[in-house]
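To start, the structure under review is shown below, and the notes come after it.
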Amino acid sequence: MYRQEQIKPYGDSGDKGQQVEQMFDNIAPTYDVLNHRLSGDIDKRWRRKAIAQLAPFRPQKLLDIATGTGDFALLAARMLQPQQLIGADISEGMMAVGRQKVQRQGLEKIISFRREDCMQLSFADESFDAVTAAFGIRNFKNLDTCLRELHRVLRPGGHLCIVELSAPVRPPMSWFFKIYSHTLLPLYARMVSKDKSAYRYLISSIEAFPQGEEMTQILRKAGFEQVTFRRLTFGVCTMYLATKI
């Protein structure tokens with residue numbers, strides 16, 4: 001068991017998956033505002049860089065796992081112009097926000113949303129050309145099982161693209177990150193979202209989540225090959241690209 005799998009939003013009792021679902025339902029109305037403001041809108045650049053990794057492969061059928069409010073799915077639809085993109089998440093509250101954004105942008109023919117448990121996806125083997133995951137995999141209650149499921153639904157030659165928040169490992173950025181994440185961020189998040197437990201959990205999960213070389217080994221264990229990673233913004237974010245051979 002990885003350390004972040006033991007961290008739950010609302011205490012030790014109860015199933016982590018159910019708690020994560022409840023947490024995201026609670027913060028769904030303010031999630032986008034907080035995400036962009038707390039990162040200074042840098043998260044938008046991270047998404048573009050991650051999606052650009054897939055552009056040379058021209059994937060036509062995509063799965064965006066832990067899609068949340070659909071920001072990554074919407075950007076992928078515009079940048080990659082696939083035939084179909086499914087956004088999957090356990091939080092109906094988050095996807096409800098995503099559906100509104102898709103409708104406003106007129107992308108209903110390309111993007112659809114489905115409630116899915118990443119530990120047991122309903123899709124057939126080899127269903128997708130690419131799978132993406134932005135800022136969500138650290139919330140999986142069993143990372144190995146979920147990654148094996150993502151590997152299963154990818155076609156041979158398909159790619160997994162992950163972008164995830166990470167704790168910088170080198171000073172002085174590691175010092176700044178710790179001060180910011182444990183003082184200013186939870187204070188502002190509590191004022192806007194009214195759920196102090198949610199953002200305390202999110203910081204704890206970032207600090208506990210395996211990153212860099214350790215994460216590449218976990219991806220290889222799940223069956224992926226040609227695994228690469230790149231740290232962004234001094235290590236505050238890390239993106240990964242892996243292939244199913």
Side-chain angles (χ1 to χ4, degrees), residues 1-5 45-68 72-73 75-77 79-90 114 116-169 205-206 208-233 235-245:
M1 176 178 282
Y2 304 108
R3 281 197 302 140
Q4 87 284 349
E5 295 174 356
R45 280 188 283 167
W46 294 337
R47 289 183 176 92
R48 290 190 186 95
K49 286 180 180 292
I51 294 168
Q53 294 183 111
L54 293 175
F57 309 114
R58 300 182 181 274
Q60 291 303 299
K61 188 172 183 181
L62 279 76
L63 171 66
D64 185 39
I65 197 74
T67 193
F72 202 80
L75 187 58
M79 289 180 63
L80 301 175
Q81 299 184 338
Q83 294 178 359
Q84 181 185 20
L85 194 158
I86 298 175
D89 204 286
I90 60 171
R114 285 173 58 166
E116 291 281 342
D117 181 350
C118 64
M119 292 184 63
Q120 193 172 10
L121 297 172
S122 65
F123 308 108
D125 295 355
E126 303 179 5
S127 293
F128 299 98
D129 301 319
V131 176
T132 59
F135 314 119
I137 62 169
R138 72 181 186 279
N139 300 311
F140 293 169
K141 69 177 184 179
N142 188 310
L143 180 60
D144 287 335
T145 298
C146 293
L147 289 176
R148 286 195 296 269
E149 274 293 273
L150 300 184
H151 184 273
R152 178 184 67 79
V153 301
L154 265 176
R155 67 166 179 80
H159 297 85
L160 171 65
C161 175
I162 295 171
V163 58
E164 187 55 84
L165 295 170
S166 49
V169 296
S205 65
I206 292 169
F209 191 73
Q211 58 179 295
E213 291 85 355
E214 183 181 1
M215 185 61 187
T216 64
Q217 292 302 316
I218 292 170
L219 287 164
R220 291 189 182 98
K221 185 171 68 172
F224 292 98
E225 299 185 35
Q226 300 174 1
V227 183
T228 62
F229 76 94
R230 179 182 171 192
R231 300 186 194 275
L232 305 175
T233 316
V236 175
C237 177
T238 306
M239 63 182 187
Y240 303 85
L241 185 67
T243 306
K244 177 178 178 177
I245 301 300

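The residues of the chain are indexed from 1 along the displayed sequence.
In summary, Arg152 and Asp125 engage in a salt bridge, as defined by a charged side-chain N under 4.0 Å from a carboxylate O.
Counting only heavy atoms from C-beta outward, the side chains of Thr132 and Ile162 never approach each other to under 4.5 Å. For the pair Val131 and Val153, the minimum side-chain heavy-atom distance is below 4.5 Å. Side-chain contact between Glu116 and Ser122 is present, with at least one heavy-atom pair separated by less than 4.5 Å. The side-chain heavy atoms of Glu5 and Lys141, taken from C-beta on, include no pair separated by under 4.5 Å. Proximity of Met119 to Asn142: side-chain heavy atoms (C-beta onward) are separated by under 4.5 Å at one or more points. Side-chain contact between Leu160 and His151: absent, with no pair of heavy atoms (C-beta onward) separated by less than 4.5 Å. Taking 4.5 Å as the limit, some side-chain heavy atom of Cys237 sits within range of a side-chain heavy atom of Phe135. With contacts defined as side-chain heavy-atom distances shorter than 4.5 Å, the pair Thr238/Arg230 does not qualify.
Summarising the geometry, atom CG belonging to Leu147 is positioned 6.0 Å from atom CD1 belonging to Ile137; distances are rounded to the nearest 0.5 Å. Taken to the nearest 0.5 Å, the NE2 atom of His159 stands 5.5 Å off from the CG atom of Leu241. The line from CH2 of Trp46 to CG of Leu165 is 5.5 Å long, rounded to the nearest 0.5 Å. Atom-to-atom distance recorded for Ser166:OG and Arg138:CZ is 10.0 Å, nearest 0.5 angstrom. Here the CZ atom belonging to Phe72 is positioned 13.0 Å from the CD1 atom belonging to Ile65, to the nearest 0.5 angstrom. Atom CE of Met239 is separated from atom CD1 of Ile51 by 11.0 Å, given to the nearest 0.5 angstrom.
When all heavy atoms of Ala50 and Val163 are compared, the closest pair comes out as CB-CB, 4.0 Å. Heavy atoms only, all atoms of each residue included: Ala76 and Leu62 are closest at CB-CD2, 4.4 Å. When all heavy atoms of Gln4 and Ser205 are compared, the pair lying nearest together is CB-O, 4.0 Å. Residue Lys244 comes nearest to Leu154 through the heavy atom pair NZ-O, 2.7 Å, listed as atom of the first residue, atom of the second, then distance. The shortest heavy-atom contact between Asp89 and Thr67 is OD2-N, 3.2 Å. Taking every heavy atom of both residues into account, Pro82 and Gln60 meet most closely at CB-O, 3.4 Å.
Around atom CZ of Arg114, more than 12 heavy atoms belonging to other residues, nucleotides or ligands sit under 6.0 Å away.
For Ser127 (side chain) and Ala124 (main-chain N/O), a donor-acceptor pair under 3.5 Å exists by modelled atom type. Between the side chain of Glu149 and the main chain of Leu121, a donor-acceptor pair closer than 3.5 Å is present.
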Distance-only donor-acceptor pairs under 3.5 Å for side chains of residues 219-229, two or more places apart:
from: Arg220; atom 1: NH1; to: Thr216; atom 2: OG1; distance (Å): 3.4
from: Lys221; atom 1: NZ; to: Tyr2; atom 2: OH; distance (Å): 3.0
from: Lys221; atom 1: NZ; to: Asp144; atom 2: OD2; distance (Å): 3.2
from: Gln226; atom 1: OE1; to: Thr243; atom 2: OG1; distance (Å): 3.3

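Looking at Arg231 and Gln211, their side chains do bring a donor and an acceptor atom within 3.5 Å of each other.
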